[in-house]
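Right, one structure below, let's go through it.
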Amino acid sequence: MEVRNKVIWITGASSGIGKSLALLAGQKGARLILSGRNTARLKEVQTALPNPESSRILPMDLGAIASLDECVEQAIGFFNGIDILVNNAGISQRSLIADTDMEVYEKLIRINYLGTVALSKALLPHFISAQGGHFVVVTSLMGKFGSPWRSGYCGAKHALHGFFDVLRMEHQKDGIAVTLVCPGFVNTDIARNALTGDGSAQTRQDQATARGMDPERFARKMLKAIERRKMEVNIGGKEVSGVYMKRFFPRLLHKLVLRSKVV
């Protein structure tokens, strides 16, 4: 399946993976709906597209769950339908469990899990009616195995896998596909924006994140998986091996993660 002329709605489109994916999909002739909280940065992405007139901006806060039904109605109205929803928006965490306020965990779950579920569920009737559609969910390798300082983030990403695996099973009969995209380290601002134990942003870059994959390269691999309608794809460097180690050598993975001291 090529994305040319497809209507693709991307959340978290103002920077990082979302921005890179939008620019690449735009080059391939997709019609785009760009969502995020920062309208000015969304407009910058729109201006950088090859055909800005084939895109629309829809400001949205994924944590404001009550507003998402209205956002879906508006998004459908832009191009009289949606073919692909890319659930990319989210926030990370950098704090020890003992130092993390419950309000931080609640925010991580509300944005990374419940907001994503609510947006997808609101769009689901449209896909069922059209007898086709594609949910793309950017989770994380942290949705497959854990790492210190990311307990709430890992928990929310694990939950996404459980929910969307079931959605795929229940709605395959309706022609609906689900692709779970699991990034490793990607050189974006995710670490700078990560929540610390009191809910404030970390503001600094992680070494591992800084050494991560270039977001443009990541977007190319991600778009290929979308076009192939893959069920799940792991994209990253050597950290991808953790998925297989978790399954076959869990004690070894436990030791290696602790030894790495990745923060």
Side-chain angles (χ1 to χ4, degrees), residues 11-12 14-18 36-37 61-65 86-120 136-165 180-213 215 218 222 232-243 245-246 250 253-254 256-258 260-263:
T11 69
S14 62
S15 64
I17 291 172
R37 293 182 300 168
D61 181 358
L62 200 59
I65 293 175
V86 179
N87 285 301
N88 171 66
I91 192 166
S92 192
Q93 172 206 4
R94 297 294 187 275
S95 57
L96 296 170
I97 294 172
D99 300 331
T100 304
D101 296 340
M102 277 306 302
E103 289 79 4
V104 173
Y105 285 125
E106 290 172 356
K107 185 172 183 178
L108 289 163
I109 290 293
R110 186 172 69 252
I111 294 175
N112 291 350
Y113 176 66
L114 292 177
T116 298
V117 167
L119 185 66
S120 300
V136 178
V137 188
V138 179
T139 69
S140 173
L141 292 182
M142 296 294 99
K144 309 295 286 293
F145 60 89
S147 178
W149 296 78
R150 297 163 173 82
S151 55
Y153 179 75
C154 292
K157 295 299 185 178
H158 273 72
L160 286 174
H161 279 259
F163 180 87
F164 281 96
D165 278 344
L180 292 164
V181 179
C182 309
F185 294 115
V186 183
N187 188 6
T188 69
D189 287 334
I190 189 170
R192 293 187 180 93
N193 297 326
L195 302 180
T196 58
D198 63 2
S200 60
Q202 177 174 250
T203 70
R204 62 176 175 80
Q205 182 68 298
D206 294 341
Q207 286 188 0
T209 304
R211 293 194 299 263
M213 185 178 291
F218 182 93
M222 178 177 174
E232 187 169 308
V233 60
N234 304 317
I235 305 175
K238 62 182 181 180
E239 65 273 13
V240 169
S241 64
V243 175
M245 293 179 68
K246 172 67 174 179
L253 176 65
H254 175 82
L256 289 175
V257 170
L258 289 179
S260 70
K261 298 181 180 179
V262 172
V263 178

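Heads up: numbering here begins at 1 and tracks the sequence.
A pairwise comparison of heavy atoms in S147 and M142 identifies CB-SD, 3.4 Å as the closest pair. Contact between Q93 and Y105 at its shortest, heavy atoms only, is NE2-CE2, 4.1 Å. Between A156 and L108 the shortest heavy-atom distance is CB-O, 4.0 Å.
A side-chain donor-acceptor contact under 3.5 Å links R94 and S92. Using modelled atom types, one finds no donor on one side chain facing an acceptor on the other under 3.5 Å when comparing T196 with S95.
Of the possible donor and acceptor atoms, one in the side chain of R150 sits under 3.5 Å from a partner among the backbone N and O of P148. The backbone N or O of G237 lies less than 3.5 Å from a partner atom in the side chain of E239, making a donor-acceptor pair. With D99 contributing its side chain and G197 its backbone, the two residues share no donor-acceptor pair below 3.5 Å. The backbone N or O of S200 lies less than 3.5 Å from a partner atom in the side chain of D198, making a donor-acceptor pair. Judged by distance alone, with hydrogens and angles left aside, the side-chain atoms of S120 form no donor-acceptor pair with the main-chain N or O of V117 at under 3.5 Å. Between the D206 side chain and the A208 main chain, no donor and acceptor come within less than 3.5 Å of each other. Without hydrogens or angle criteria, Q202 side chain to N193 main chain gives no donor-acceptor distance under 3.5 Å.
Side chains of C182 and V233 form no contact here, defined as non-hydrogen atoms less than 4.5 Å apart. Side-chain atoms of K157 and Y113, non-hydrogen and from C-beta on, never get closer than 4.5 Å to each other. Side-chain contact between L119 and T11 is present, with at least one heavy-atom pair separated by less than 4.5 Å. Taking 4.5 Å as the limit, every side-chain heavy atom of R110 sits out of range of all side-chain heavy atoms of N112. I235 has its side chain out of reach of P183: every pair of non-hydrogen atoms, C-beta onward, lies at least 4.5 Å apart. Two residues are said to be in side-chain contact when any heavy atoms from C-beta on lie closer than 4.5 Å; D165 and L180 meet this criterion. Here the side chains of Y153 and I109 are not in contact, with every heavy-atom distance at 4.5 Å or above. You'll find the side chain of T116 reaches within 4.5 Å of the side chain of L62, heavy atoms only.
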**Prompt:** Going through the distances and angles, do N87 and V138 end up as a side-chain contact (heavy atoms from CB on, under 4.5 Å)?
**Reply:** CA-CA 6 Å; N87 285 301; V138 179; over 6 Å; no
**Prompt:** Can T209 and R192 be said to form a side-chain contact (heavy atoms from CB on, under 4.5 Å), step by step?
**Reply:** CA-CA 10 Å; T209 304; R192 293 187 180 93; over 6 Å; no
**Request:** Kindly indicate, with the supporting measurements, whether the criterion side-chain contact (heavy atoms from CB on, under 4.5 Å) is fulfilled by K144 and E232.
**Result:** CA-CA 11 Å; K144 309 295 286 293; E232 187 169 308; 2.5 Å; yes
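For CD1 of I97, the number of neighbouring non-hydrogen atoms (other residues, nucleotides, ligands) closer than 6.0 Å is 12 at most.
Taken to the nearest 0.5 Å, the CZ atom of F145 stands 8.5 Å off from the SG atom of C154. A distance of 8.0 Å separates CG of N234 from OG1 of T139, quoted to the nearest 0.5 Å.
Test D189, T188, N187 against Q205 for side-chain hydrogen bond (donor to acceptor under 3.5 Å, both in side chains) and you get one pass: N187. Under the side-chain contact (heavy atoms from CB on, under 4.5 Å) rule, L195 has a single partner from V104, T100, I111, which is V104.
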